Amino acid sequence: MLRLAHFAAEDHPAQIAAQQFKKNVEERTHGDISIELYPANELGSPPEQLEQTVLGVVDMNLPTQGALDKYEKAFATVMTPFAFKSYDEAHQVLDGPFMEWVAPKLEKKGLVMLSNWEYGFRNVTNSVRPINSPEDMVGLKLRTPPEIQIVAALEALGAQTTQIAFPELPGALTAGVVDGQENPISVIFHNKLYELQHNLALTHHVYNSMVHVINKDKWDSLTPDEQKIVREESVSAGNLMRKLVQDEEASDLDKIKAAGVEITEPDLAKFKAKMGPAYERVKAYAGEENMKTFMGFLGK
């Protein structure tokens, strides 16, 4: 039996992909491997779930690169502001040279990297004003997760950032503790954050994805055939999640707009031009050599 924990909501594409993974692995192994799913932070906060996976208390997890970089700094490079122009570019880099580079590093930390799933490009919502230019970001108090890349990107644009646990975010938005927040469209929609904010800007300031990892000792306990099935079905589930996230974004945005939210599409080149200080902060965190290697994957 394998236990898979993650932080996404029960109707989020991540859980739908996880359900496919469970079904297919159980069918292909004729029940020799059964999988239990624990979505929506049932087994603790995202950092707690990942730590439990490293320790072997939980078998599998779907952390983002922002969680994994606490164990291996090379993962920090993925969330460099405005690193990727499109989903296709991100997928080609992450599935190819990036995975070849980081997977061996991660194994030394006790985790086997099975495949890259999805999360998406992050966007800003707020209750103060529409965002059409970097200047509109100045002074906004925005909730972010603790990842330095996101904090650095928003602060480079003049926003103030504060870290609030995600389960507490709706209350903080309702009470006006913060003016807004940032997340991928799927998160904004499935967690109904758009009901608490009336402005959404498609800033695409940071891309990140969920990464399917398994405890190395648990992985080593599987037979070669079982390992093959688990990895193949992990890739298949990740591809499903990617398709669902991308296919749903347009319809999610239509529903968000229909709810009365003003959606803006600012010129992102002007935002990227402000990222000098953010790049320095990310490089200091990720390490200069790691950043050099990652930028090489992007042809920069």
Side-chain angles (χ1 to χ4, degrees), residues 2-7 14 17-18 21 24-25 33 35 46-47 49-80 83-84 87-120 147 149 206-242 282 285-300:
L2 298 176
R3 302 205 305 168
L4 169 58
H6 65 82
F7 58 82
F21 174 75
N24 289 355
V25 169
I33 297 178
I35 295 173
Q49 292 176 48
L50 182 54
E51 182 180 18
Q52 290 174 51
T53 308
V54 172
L55 295 174
V57 179
V58 174
D59 302 305
M60 294 183 290
N61 194 214
L62 289 168
T64 65
Q65 290 90 3
L68 287 168
D69 71 25
K70 310 303 183 290
Y71 295 86
E72 172 49 60
K73 283 293 190 289
F75 280 93
T77 59
V78 173
M79 294 174 66
T80 299
F84 300 110
Y87 279 110
D88 284 347
E89 181 186 29
H91 298 161
Q92 288 170 10
V93 170
L94 295 186
D95 292 348
F98 181 81
M99 188 166 176
E100 293 173 10
W101 177 48
V102 297
K105 296 176 181 288
L106 197 59
E107 285 203 24
K108 294 176 182 176
K109 310 297 181 181
L111 295 170
V112 172
M113 184 175 174
L114 295 174
S115 70
N116 296 291
W117 287 27
E118 190 58 278
Y119 208 44
E147 281 76 18
Q149 304 92 324
V206 165
Y207 171 86
N208 65 337
S209 63
M210 286 176 153
V211 181
H212 192 188
V213 297
I214 183 171
N215 173 271
K216 189 174 189 309
D217 289 338
K218 177 60 73 170
W219 175 253
D220 290 342
S221 75
L222 302 177
T223 67
D225 282 346
E226 288 172 339
Q227 290 180 349
K228 182 174 183 289
I229 289 169
V230 167
R231 189 180 290 279
E232 287 177 353
E233 292 306 330
S234 173
V235 172
S236 178
N239 288 337
L240 172 64
M241 185 181 177
R242 286 173 170 177
V282 174
Y285 178 71
E288 190 166 348
E289 282 304 311
N290 283 336
M291 285 298 294
K292 184 177 179 181
T293 300
F294 177 70
M295 288 300 175
F297 299 152
L298 298 175
K300 298 176 182 176

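As the structure is a computational prediction, the values presented were derived from the model and not from experiment. Side-chain atoms are counted along with the backbone in the values below, which use heavy atoms only and exclude waters and symmetry mates.
- Taking each heavy atom of Lys105 and Ala74 in turn, the nearest pair found is CD-CB, 4.1 Å.
- Residues Val112 and Trp219 come closest through the heavy atom pair CG2-CD1, 3.7 Å.
- Sorted by first and then second residue, the side chain to side chain donor-acceptor pair (under 3.5 Å) pairs with a member in residues 53-64 read Gln49-Asn61; sequence neighbours excluded.
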Going by atom type alone, with no hydrogens or angles, which donor-acceptor pairs under 3.5 Å involve a side-chain atom of residues 90-104 and a protein atom two or more places apart or on another chain?
from	atom 1	to	atom 2	distance (Å)
His91	ND1	Tyr87	O	3.3
His91	NE2	Glu118	OE2	2.7
His91	NE2	Arg242	NE	3.4
Asp95	OD1	Asn116	ND2	3.0
Asp95	OD1	Arg242	NH2	2.9
Asp95	OD2	Arg242	NH1	2.8
Asp95	OD2	Arg242	NH2	3.4

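- One distance of note links CD of Glu107 with CE of Met113; it measures 11.0 Å at 0.5 Å rounding.
- Annotation: side chain of Met60 is not in contact with side chain of Arg3 (no heavy-atom distance under 4.5 Å).
- Under the 6.0 Å cut-off for aromatic ring centres, Tyr119 and Phe7 qualify, their centroids lying closer than that.
- Scanning for ring pair (Phe, Tyr, Trp, His ring centres under 6.0 Å) contacts around Tyr71 gives an empty result, with sequence neighbours left out.
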Working note: Leu4 + His212, criterion side-chain contact (heavy atoms from CB on, under 4.5 Å); need CA distance, chi angles, decisive distance, verdict. CA-CA 9 Å; Leu4 169 58; His212 192 188; 4.1 Å; yes
Derivation of the side-chain hydrogen bond (donor to acceptor under 3.5 Å, both in side chains) call for Thr80 and Gln149: CA-CA 6 Å; Thr80 299; Gln149 304 92 324; over 6 Å; no
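- Applying the side chain to side chain donor-acceptor pair (under 3.5 Å) definition to pairs two or more places apart or across chains, those involving residues 285-300 are Asp69-Tyr285.
- Two residues are said to be in side-chain contact when any heavy atoms from C-beta on lie closer than 4.5 Å; Lys109 and Val54 fail this criterion.
- A donor-acceptor pair shorter than 3.5 Å can be found between the side chains of Ser115 and Trp117.
- Side-chain contact check for Leu222 versus Ile33: some heavy-atom pair is nearer than 4.5 Å.
- Annotation: side chain of Leu298 is in contact with side chain of Glu89 (closest heavy-atom distance under 4.5 Å).
- What you find for Val282 and Ala76 is that their closest heavy atoms are CG1-O, 4.3 Å.
- Taking the side chain as every heavy atom from C-beta outward, Leu50 and Leu111 approach each other to under 4.5 Å.
- To the nearest 0.5 angstrom, Leu62 atom CG is 10.0 Å from Ser209 atom OG.
- Here the side chain of Lys70 pairs a donor or acceptor atom with the backbone of Gly66 at under 3.5 angstrom.
- Taking each heavy atom of Leu114 and Ser234 in turn, the nearest pair found is CB-OG, 3.4 Å.
- Taking 4.5 Å as the limit, some side-chain heavy atom of Leu106 sits within range of a side-chain heavy atom of Leu68.
- Put simply, the residue from Val58, Ile35, Asn215 that forms a side chain to side chain contact (heavy atoms under 4.5 Å, CB included) with Leu2 is Ile35.
- Applying the salt bridge (Lys or Arg N to Asp or Glu O under 4.0 Å) definition to pairs two or more places apart or across chains, those involving residues 223-233 are Arg28-Glu232, Arg28-Glu233, Lys228-Glu232.
- Atom-to-atom distance recorded for Ser236:OG and Met241:CE is 14.0 Å, nearest 0.5 angstrom.
- Considering every non-hydrogen atom in both Pro63 and Val213, the closest pair reads CD-CG2, 3.8 Å.
- Remark: Asp88 pairs with no residue by the salt bridge (charged side-chain N to carboxylate O under 4.0 Å, His left out) rule, at least two apart or across chains.
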